[in-house]
Every structure is written in structure tokens, then in C-alpha cells.
Amino acid sequence: MEFYDWTVIGVFALILGGIVVWTLKQKNRDSKDYFLGGRDATWIAIGASIFASNIGSEHLIGLAGAGASSGMAMAHWEIQGWMILILGWVFVPFYARSMVLTMPEFLERRYNKSSRTILSVISLLSYVMTKVAVTVYAGGLVFQQVFGIETLWGVDFFWIAAVGLVAVTALYTIFGGMKSVLYTSILQTPILLLGSLVILVLGLRELGGWDEMMRICGGVSANDFGDTMTSLIRSNSDPDFPWLGALVGSSIIGFWYWCTDQFIVQRVLSGKNEKESRRGTIFGAYLKLLPVFLFLIPGMIAFALHAKTGSFLPLLENGQHNADAAFPTLVAKLLPAGMKGLVVCGILAALMSSLASLFNSSSMLFTIDFYKKLRPATSEKQLVVIGQIATFAVVALGILWIPVMRSIGDVLYAYLQEVQSVLAPGIAAVFLLGITWKRASAQGGLWGLVAGMAIGLVRLGAKIYYENMPDAAPSLFKAVFFDTNWLFFCGWMLAVCIAVVAAVSFFTRAPAAEKIQGLVFGTATPEQKAATRAGWNRWDVIHSAVILAITAAFYWYFW
């Protein structure tokens, strides 16, 4: 890092600080102001926030690392702009009509209070143990590598970077609320995009172009069935990413994440109306087409440079190249003075925007779904204070969990994938049937969530047990809950949860018509239908079609 790099970082910090100060002066009159920014966000702020919230340090390390280790295999999860369109076109009308603040609150409207409580618990635990801790862990790791500092003042620089980043982000999130998240995202998103684009261009120039990357990576076998690193659709016998399992599993996880997870949907709930919310998802879907090229492809470039030179990436103790070091190594070795500072700002932007969204969503879930539920007479000002305290608690718990995440090292992302693959199916089944089937009953939704939790816990328990018992005897239980490919298991788990919701619903009382008014297809009033129709025009349809066409072209090219 040279003088020009620090100058760029300083300018970024000043501009970001100015935005934060401005948002802090915008008084939060009540809890809706604090958590949803007053529900007056425009499509630009919504789309930028969706993208910035999604892109965190796990992309800079994990996705680039995936590109350097397995090639295009993980692209299924990143080329999901079409899934954000489902959020905008299908779910936005139902969320807007219900006027809910959280996704668990929507389940209460559609099913019952118990469903709300279960989803709230699942969401909060997953945020602390995965999203918060992993983002901070990866952030500390990437800064340690980019700056090349092992210790500072006798302290591991990893902890200084991680805790310092959390402290700064938490402060403006605690006091600024959703407005600080939305408006800082408008600055952070273009910087993140520009910095990553610079890495892509310089990486390709250093390597010798796109064709050279495809030649080198295309010559590396990914399995024993003829697939290479450039193959997106791989043999169904592939032990890690069979094509059918990848398509089904990534769609289920994507549906849960993009259409039902508070972390993402809260950006949409902040829109001033259906039109702004829907257009925000279309803008976000355009942006979501980029991560494959901005993060995964650079990982493949780093691998190709290593294959070409034999010494580009650092080595692990076992002699293999360190795939997770792909993005930081590109930054450290390829960027000139000044540009390195810009990319560091992009990394900062990714970290801070993702963490800010996590903190805000977590505090909202606790405040609205637990505290207000127990003390409904709490004033709006007190709810804001409780939300700030909850944010601090989430920050503290996330930091305390970091040593656990750090201790598992190279299995960090495998662990996250496993968690998401067993978390998503039950929630996806309940939301999907909730808006498409009038007969889905309160008990059906409740037991669908319970079934998803139970199966998921058994799967994770079996994984932990059998990985530590390699000589365990074969059994039906082991074959089902451990040996089954995680993507196929995710698909079968969705089918089981849907069957549970349907079976219980048939044997329990159907919901009253007035309870599900406007919350299920076919129950909207003429006024509600008119409001939805007024929220889009032919240009919204055209842009959506363009996104779908780009997605189809991507699959065709990398087939």
C-alpha cells in the first residue's frame, strides 16, 4: 500500500462519513422509520441495497476461491437475477398488501403465531452463526492478506481488522437504521463494481485474454466423467455438483434467500409503493448478473496464472495452491498504486454494506417479532432504542462466534452450503404453498416448518457424526442422511416438506376466507388487483425479458 492508495481510502472514508452524518440527521420518528427507512425508498436505492447486501467478503474470498478450485460449478448460485424477478413480480404484491415489517410477521398473517415464532428463531440463529460471523471472519482474513500485516502492536492483525470493521459499521447502523443502510449502499455499490471490474480487466490482460483462460481451465479435468473447470452443467454422477442436483438445489436455496429471507426482502419492504419495489428488484436482478464475472471469473484467472507460472498463488501446507487467496492475491500483485486503494475501498464497501444489512435485519426481527410481541404497549421511541440494543447484541454474538468459524478454516464454505441446503426447503415449502394454495391451513404451515427443522438438524448431526466416524458400518440411515449428495437431499427435503404441509392441511380446518384475503392467489380484491396492475408497464416486462435472455445465454455458453 502506497501514498496514493491511502489517499483514495481517505477520500472514500470522508464521503462515506458525510453520507452517514446526513442520514443521522434524518430523525427516525418511529420503528418503521428506523427499520424500513420510512417506507419511501426509490427503485435505485432498493436495487443497490439488494446487491450490496448480497455481496459480502464471502464473495471476495469464497466465490473467487470457488472459481480457483472448481471453476464454473458455483455459478448456478450467482446467476440468479431471474430469482429476484420472482420476488418482484410474484411476492411484492402479497408483501405490500399485508403491510408487514418482517417475514415471520407475514407467516403469522397467513398461518398462525407459532409459525412466526419458529421462523424468527431460525432466522436469528442463522444470522449470528453464519452471516454475521462469516462476513467478519472473511473480512479480517482478506484485509490481513491485502495489507500483508501479520501483527500490529503485538496483536494478530486479523482481529484488529475484523473488530474495527464491525465497530464502525455497527455504529452507523445502530444510530442511522435502515436509511443509513440504503443510502450508503448507493455509494458502496458503484465502488465495489468498479474495483472488481478493474481486477477482471487487469487479470485478463496479465493472463493473455479470455481465450487463454478458457484454454487453460478447459484443459483441467473436474471429474472422471469428461467435465472440465469451464463446465457449468456436469455429469449427474459428479459427486459434488451433479447437474440435476445443482439446478434443483440452487433454485430452492435461491428461492428461500431471494424471496423469503428477511435479510433481502427488507430492502423491498422499504419501497414507497409496489412500482418502486418491483423496479428495485429488476435493477437488483441486473446487478446480480455481474458477480460471476466480477468474482468467480477472477478466481479462474488466478488459477490459470498459477498454472501458467507455477507460483502465482500462495501454497497451503499440503503443497496445494490456496484457492481462497485468489482475489486478495490479484489485488496485491496486479494493481498499481492508487488502483489498489480503490479496490480496497470496494472490499470495504462489500463488507460494510453486507454487515449493515445483517445488523439492521437482525435487530428488526428481535424487536418486532419478540419484544413487541411480549410488550405490545411499547412506544415507538422505545422500540427504536430496543432495536439499537439488539444490534449491539447481534454484533457481540457474531464476534464471539468468530473463533469457532476460524477454527474450521478450509471447511467454512462447505459448512455454510450444508446449512443453507437444509435451512431453505422447509421455509420455501411453507411460503410457496402459502401464496399458491388457499387450502394450506395454519397447522399445515406450522408442521411444514417443524418438519424442515427436524430433518435439517438430523442431516447436520449425521454429517458431524459420520465425518468423525469414517469406519461406521453402512446402514439405511447413513445412506439417506449422510451418503446422499447434499443437493439431491435438498430437493427431496423440499418434496417431503410440501407433502407434510399438504397432508396436515387436508386433515385440519381450512383458513377462513377473510384471513387470507389478498395473501393467496385468487383472493385479491378488485382494488388490490388494480394497484398491482398500476405498478408496472411494458418497459418493466421488457427489462425482465432481457434479464432472462442473458441468463439463458450464459447457460448456453458454459453448458
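In this text the structure is predicted, and so the values were computed from the model without any measurement.
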Would one find more than 12 heavy atoms of other residues, nucleotides or ligands at under 6.0 Å from atom CH2 of Trp447?
no
Identified side-chain contact (heavy atoms from CB on, under 4.5 Å) partner of Trp89 from the options Val541, Thr281, Thr532
Val541
Got Thr260 and Ile427 here, is their nearest side-chain heavy-atom distance under 4.5 Å?
yes
Walk me through whether Val520 and Trp437 qualify under side chain to side chain contact (heavy atoms under 4.5 Å, CB included).
CA-CA 7 Å; Val520 186; Trp437 190 35; 5.8 Å; no
What closest approach, in Å, do Gly81 and Ala285 show between heavy atoms, and which atom pair accounts for it?
O-CB, 3.3 Å
I'd like to know if the side chain of Asn485 and the backbone of Pro239 have a donor-acceptor N/O pair within less than 3.5 Å.
yes
Do Tyr286 and Ile547 come within less than 4.5 Å of each other through their side chains, counting heavy atoms only?
yes
Could you tell me which residues satisfy salt bridge (charged side-chain N to carboxylate O under 4.0 Å, His left out) with Asp540, sequence neighbours excluded, listed by chain and number?
Arg279
Could you grab the distance from atom CG of Leu423 to atom CE of Met493, nearest 0.5 Å is fine?
8.0 Å
Establish, yes or no, whether a centroid distance under 6.0 Å links the rings of Phe91 and Phe255.
yes
Working to the nearest 0.5 Å, report the span between CZ of Arg234 and CZ of Phe241.
7.0 Å
Tell me if a side-chain donor or acceptor on Ser123 pairs with a main-chain N or O of Ser120 at a distance below 3.5 Å.
no
Any donor and acceptor pair, going by atom type alone, linking the side chain of Thr523 with main-chain N or O of Ile516 inside 3.5 Å?
yes
Any sub-3.5 Å donor-acceptor pair from Ser277's side-chain atoms to Val268's backbone N or O?
yes
Before you tell me yes or no, could you show the steps for Ile50 and Trp258 under side chain to side chain contact (heavy atoms under 4.5 Å, CB included), namely the whole-Å CA-CA distance, both residues' side-chain angles and the distance that decides it to 0.1 Å?
CA-CA 9 Å; Ile50 287 174; Trp258 293 109; 3.7 Å; yes
What residues form a ring pair (Phe, Tyr, Trp, His ring centres under 6.0 Å) with Phe488, not counting sequence neighbours?
none
Centroid-to-centroid, His76 to Tyr555, below 6.0 Å?
yes
Keeping the roles fixed (side chain from Glu78, backbone from Lys288), state whether a donor-acceptor pair exists under 3.5 Å.
no
Ser421 side chain vs Cys490 backbone, donor-acceptor pair below 3.5 Å:
no
For the atom pair CD (Gln528) and CD (Glu274), what is the distance rounded to the nearest 0.5 Å?
9.0 Å
Please assess Val292 against Met72 for the test side chain to side chain contact (heavy atoms under 4.5 Å, CB included), listing each intermediate value before the final yes or no.
CA-CA 9 Å; Val292 167; Met72 294 302 300; 4.1 Å; yes
Just verifying a value: how many Å separate Ile253 CD1 and Gln80 CD, rounded to the nearest 0.5 Å?
8.5 Å
Going by the rule side-chain hydrogen bond (donor to acceptor under 3.5 Å, both in side chains), which residues pair with Arg116 if we only count those two or more places apart in sequence or in a different chain?
Glu108, Asp369
Are Val458 and Phe477 side-chain neighbours, meaning at least one heavy-atom pair lies under 4.5 Å?
yes
In terms of the angle between their ring planes, are Phe521 and Phe94 parallel, tilted or perpendicular, with boundaries placed at 30° and 60°?
perpendicular
Could you grab the distance from atom CZ of Phe507 to atom CD of Gln443, nearest 0.5 Å is fine?
14.5 Å
For Phe489 versus Val422, what's the shortest heavy-atom pair and its separation?
CE2-CG1, 4.4 Å
Within the 4.5 Å heavy-atom criterion, are Cys259 and Val265 side-chain neighbours or not?
no
Quick one: pull up CG in Leu289 and CZ in Phe554 and give me the separation to the nearest 0.5 Å.
9.5 Å
Below 4.5 Å, heavy atoms only, C-beta onward: do Asp240 and Trp486 meet side chain to side chain?
no
Might you point out which heavy atoms bring Leu494 and Ala428 nearest each other, and give the distance in Å?
CD1-CB, 4.2 Å
Under the rule for side-chain contact (heavy atoms from CB on, under 4.5 Å), what residues qualify as partners of Ser98, not counting sequence neighbours?
Val100, Phe106, Arg109, Leu519
For Ala530, all residues meeting side-chain contact (heavy atoms from CB on, under 4.5 Å), sequence neighbours excluded
none
Scan side-chain atoms only and decide if Ser115 and Asn112 contain a donor-acceptor pair under the 3.5 Å cut-off.
yes
Closest heavy-atom pair and its distance - Asn236, Leu244
OD1-N, 3.1 Å
Could you tell me whether Lys272 and Glu276 have a side-chain N and a carboxylate O separated by less than 4.0 Å?
no
Set of residues satisfying ring pair (Phe, Tyr, Trp, His ring centres under 6.0 Å) with respect to Tyr111, sequence neighbours excluded
none
Mind running side chain to side chain contact (heavy atoms under 4.5 Å, CB included) on Val500 and Val450 for me, showing each step along the way?
CA-CA 10 Å; Val500 170; Val450 171; over 6 Å; no
Ring-face cation of Lys478 near Tyr466 (centre distance under 6.0 Å, axis angle within 45°):
yes
Look at the side chain of Ser70 and the backbone N and O of Ala73, then say whether any donor-acceptor pair between them is shorter than 3.5 Å.
no
Answer whether the closest heavy-atom distance between the side chains of Leu487 and Val248 falls below 4.5 Å.
no
Reference residue Arg278; test side-chain contact (heavy atoms from CB on, under 4.5 Å); the match among Trp43, Phe283, Trp536
Trp536
Return the minimal non-hydrogen interatomic distance between Ser114 and Leu446, and the atom names on each side.
CB-CD1, 3.7 Å
For Ser441 versus Ser505, what's the shortest heavy-atom pair and its separation?
N-OG, 3.0 Å
Determine whether Arg459 and Thr484 make a side-chain contact, defined as any pair of heavy atoms from C-beta on separated by less than 4.5 Å.
yes
Taking the side chain as every heavy atom from C-beta outward, state whether Leu449 and Leu107 have any pair of such atoms under 4.5 Å apart.
yes
